[in-house]
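Index from 1, following the sequence.
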Amino acid sequence: MTALTLTPGQVTLADLARIYREELPVTLNRAAKPGIERAAAAIAAAAAGDVPVYGVNTGFGKLASLRIAPADTATLQRNLILSHCCGVGPAISRRHARLLMVLKLLSFGRGASGVRWEFVELIEAMLAKGVTPQIPVQGSVGASGDLAPLSHMTAVIIGEGEAEYQGQIMPGAKALTAAGLSPIQLGPKEGLAFINGTQFSTAFALAGLFDGWNAAQSALVTSALSTDAIMGSTAPLQPEIHSLRGHAGQIEAAAFMRNLLAGSEIRESHIEGDARVQDPYCIRCQPQVTGAAMDVLRQAAATLEIEANAATDNPLVLTEAGLIVSGGNFHAEPVGFAADMIALALAEIGAIAQRRVALMVDPVLSFNLPPFLTPRPGLNSGLMIAEVTTAALMSENKHIAMPCVTDSTPTSANQEDHVSMAAHGAVRLGKMVQNLNVILGVEAICAAQGVDFRAPLQTSTPLQAVVACLRTRVATMGDDRYMAPDLAAAADLIATGALATASALTLPTL
């Protein structure tokens with residue numbers, strides 16, 4: 001597989017999405033090498049001098065006032081990594097770990113970390129040959145860096161810890177050897193450069209963003225199908241309504257839904273003579289809600305693109321000024337805010353989608369669809385409990401969408417007295433997306449079932465293609481059957497983007 005060449009400071013969300021989804025190997029643009037080497041030389045000079053420089057010839061955190069002898073600097077860095085390998089819980093996925101490693105490369109590539117070039121080459125080789133550190137998911141509070149998870153990554157680089165190689169979990173040193181690679185001993189400041197950073201939090205926030213955007217695209221499709229299923233009005237999609245308000249996401253969502261529904265025989269059949277004056281909000285206000293969520297996701301995307309290109313360790317080597325300065329770029333507050341924004345958007349997309357599911361299974365509100373969308377209600381329960389499952393998942397997402405950045409707690413003997421909690425704010429996004437994919441999958445099942453009941457009238461050509469895609473995995477419901485596989489299959493069509501792309505219309509992009 002050809003490696004993707006990345007220029008530090010200029011990497012795009014599209015690049016990062018490809019790396020995450022395709023597990024691409026990468027190389028840094030070689031133009032970054034001189035800057036990296038200048039910073040490494042500055043660190044080497046500081047380590048040989050008498051002036052105390054944090055993390056170079058001093059202890060860490062509360063122990064920063066303690067001087068370290070030049071002969072002990074390598075031991076200091078190794079001890080730092082081993083002592084900080086305190087992560088717990090299951091290992092993160094290979095995709096997340098690889099994205100994390102790429103983000104660390106990009107941070108080093110800014111030429112302010114002071115690591116030697118050979119570390120860049122080793123990480124590139126690990127990505128190319130498939131040596132993936134085993135990184136426990138829990139243990140970071142998102143300030144002073146994602147210390148524990150990044151330490152587990154770094155442990156493999158120095159021949160410790162565990163790694164996956166060719167499908168097997170093995171000691172880090174053995175994995176490197178099997179791939180024809182060798183560990184590297186850390187020099188002054190290099191251990192600190194590896195673990196002071198936001199790359200764990202940022203990797204998970206980016207993954208949540210990419211998968212969440214995919215769900216938002218799918219929600220536009222399932223909501224349009226639901227609109228036709230309940231014979232809802234397309235008048236609220238009138239472009240002038242949305243231009244008068246002016247929000248970009250709302251305007252784009254309404255336009256996309258208009259295109260999805262254009263030419264629907266179901267819609268044409270009730271434009272005149274419909275006794276209903278207005279549809280419930282979950283139908284009428286779809287552009288306002290999903291469009292607003294799209295705007296929020298794009299705001300988070302802008303923050304995360306900046307963070308992915310940032311130098312976030314400490315201290316930073318300012319080579320042009322001739323300074324090594326201790327600062328706070330390791331504090332993941334921007335990532336924490338972005339993760340909270342993504343969580344709110346995911347929760348709201350799911351909340352309004354769940355109400356559409358509830359609408360379709362309710363004969364009082366569904367405009368003459370049979371109860372629970374079964375052709376023989378009473379003997380059959382139809383989609384009754386599928387709707388209950390969506391309610392459970394919607395509620396779970398609401399609970400875990402609560403802001404995390406407001407939950408700071410002091411650590412490290414009050415030296416690190418305000419932290420971002422960005423790590424678990426970002427990690428929860430994966431669970432939220434999984435829940436949302438099921439909600440949208442159930443909506444697709446209900447909406448397709450509802451459209452089937454409107455025969456011989458047909459929905460629009462794009463939505464017919466969406467239903468056909470669903471029917472490759474989920475058959476029309478007649479009598480009751482074992483439902484769990486259907487829900488899983490529909491959720492998978494949402495997660496892969498297959499259902500959204502089946503419409504053949506150009507989807508909104510980040």
Side-chain angles (χ1 to χ4, degrees), residues 52-56 58-66 80-81 83-89 100 103-104 107 110 112-113 135-154 189 191-206 208-209 296 299-300 302-316 318 324-344 399-429:
V53 179
Y54 173 72
V56 177
T58 74
F60 309 106
K62 198 73 170 180
L63 304 176
S65 60
L66 300 180
L80 173 71
I81 299 305
S83 68
H84 284 49
C85 285
C86 293
V88 298
L100 180 158
L103 294 174
K104 182 52 74 176
S107 183
R110 297 301 299 272
S113 297
I135 303 170
V137 71
Q138 293 172 288
S140 175
V141 295
S144 200
D146 292 314
L147 297 172
L150 291 175
S151 293
H152 283 274
M153 178 199 75
T154 311
K189 203 265 181 182
L192 194 60
F194 268 98
I195 69 173
N196 261 186
T198 66
Q199 288 74 37
F200 177 88
S201 297
T202 305
F204 272 89
L206 283 168
L209 173 70
V296 167
Q299 291 172 41
T303 295
L304 294 175
E305 186 172 60
I306 292 169
E307 190 73 7
N309 284 284
T312 59
D313 60 281
N314 179 61
L316 290 172
L318 311 180
I324 301 173
V325 182
S326 185
N329 279 7
F330 51 71
H331 199 297
E333 194 81 356
V335 183
F337 276 124
D340 283 348
M341 292 164 66
I342 295 168
L344 291 172
H399 283 287
I400 59 179
M402 293 298 104
C404 292
V405 293
T406 56
D407 192 31
S408 175
T409 187
T411 61
S412 192
N414 280 304
Q415 177 74 3
E416 298 155 10
D417 58 354
H418 182 279
V419 297
S420 71
M421 295 301 179
H424 65 262
V427 167
R428 66 172 161 173
L429 299 178

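- Of all heavy-atom pairs spanning Gly208 and Leu429, the tightest one is CA-CB, 3.9 Å.
- For the atom pair Ile342 CD1 and Leu304 CG, the distance stands at 5.5 Å (nearest 0.5 Å).
- Legend: residues meeting side chain to side chain donor-acceptor pair (under 3.5 Å) with Ser326, ordered by chain and number and at least two apart, are Asn314.
- Side-chain contact check for Leu147 versus Val141: every heavy-atom pair is 4.5 Å or farther apart.
- Defined by atom type and a distance below 3.5 Å, a donor-acceptor pair is present between the side-chain atoms of Thr411 and Glu416.
- Under the side chain to side chain contact (heavy atoms under 4.5 Å, CB included) criterion, Leu344 pairs with no residue, sequence neighbours left out.
- Nearest approach of Ile81 to Ile195, heavy atoms of both residues: CD1-CG2, 3.6 Å.
- To the nearest 0.5 Å, the span separating CZ on Phe194 from OG on Ser151 amounts to 11.0 Å.
- For the pair Leu318 and Ile324, the minimum side-chain heavy-atom distance is 4.5 Å or more.
- What you find for Leu150 and Phe200 is that their closest heavy atoms are CD2-N, 4.4 Å.
- Residues satisfying the side chain to side chain donor-acceptor pair (under 3.5 Å) test with Ser107, not counting sequence neighbours, are none.
- Qualifying salt bridge (Lys or Arg N to Asp or Glu O under 4.0 Å) partners for Lys189, counting only residues two or more places apart in sequence or in other chains: Asp313.
- Pro136 and His152 get closest at one heavy-atom pair: CD-CG, 3.4 Å.
- Taking all atoms of both residues into account, the shortest heavy-atom contact from Gly425 to Cys404 is CA-SG, 3.6 Å.
- Gln199 and Thr312 form a side-chain donor-acceptor contact under 3.5 Å, judged by distance and modelled atom types alone.
- Atom CD of Glu305 is separated from atom OG1 of Thr202 by 12.5 Å, given to the nearest 0.5 angstrom.
- Annotation: side chain to side chain donor-acceptor pair (under 3.5 Å) contacts of Asp340 (sequence neighbours excluded): Arg428.
- In this structure, CE on Met341 lies 4.0 Å from CD on Gln299, to the nearest 0.5 angstrom.
- No side-chain donor-acceptor contact under 3.5 Å links Lys104 to the backbone of Met153.
- Under the side chain to side chain donor-acceptor pair (under 3.5 Å) criterion, His331 pairs with His418, not counting sequence neighbours.
- Among all heavy-atom pairs drawn from Arg110 and Asn309, the shortest one is NH1-O, 2.6 Å.
- Contact check for Val405 versus Met421: no side-chain heavy atoms found under the 4.5 Å cut-off.
- The backbone N or O of Pro334 sits nowhere less than 3.5 Å from a side-chain atom of Thr303 that would complete a donor-acceptor pair.
- Side-chain contact between Ser144 and Asn196 is present, with heavy atoms from C-beta onward closer than 4.5 Å.
- Ser201 and Asp146 share a donor-acceptor pair across their side chains, judged by distance under 3.5 Å alone.
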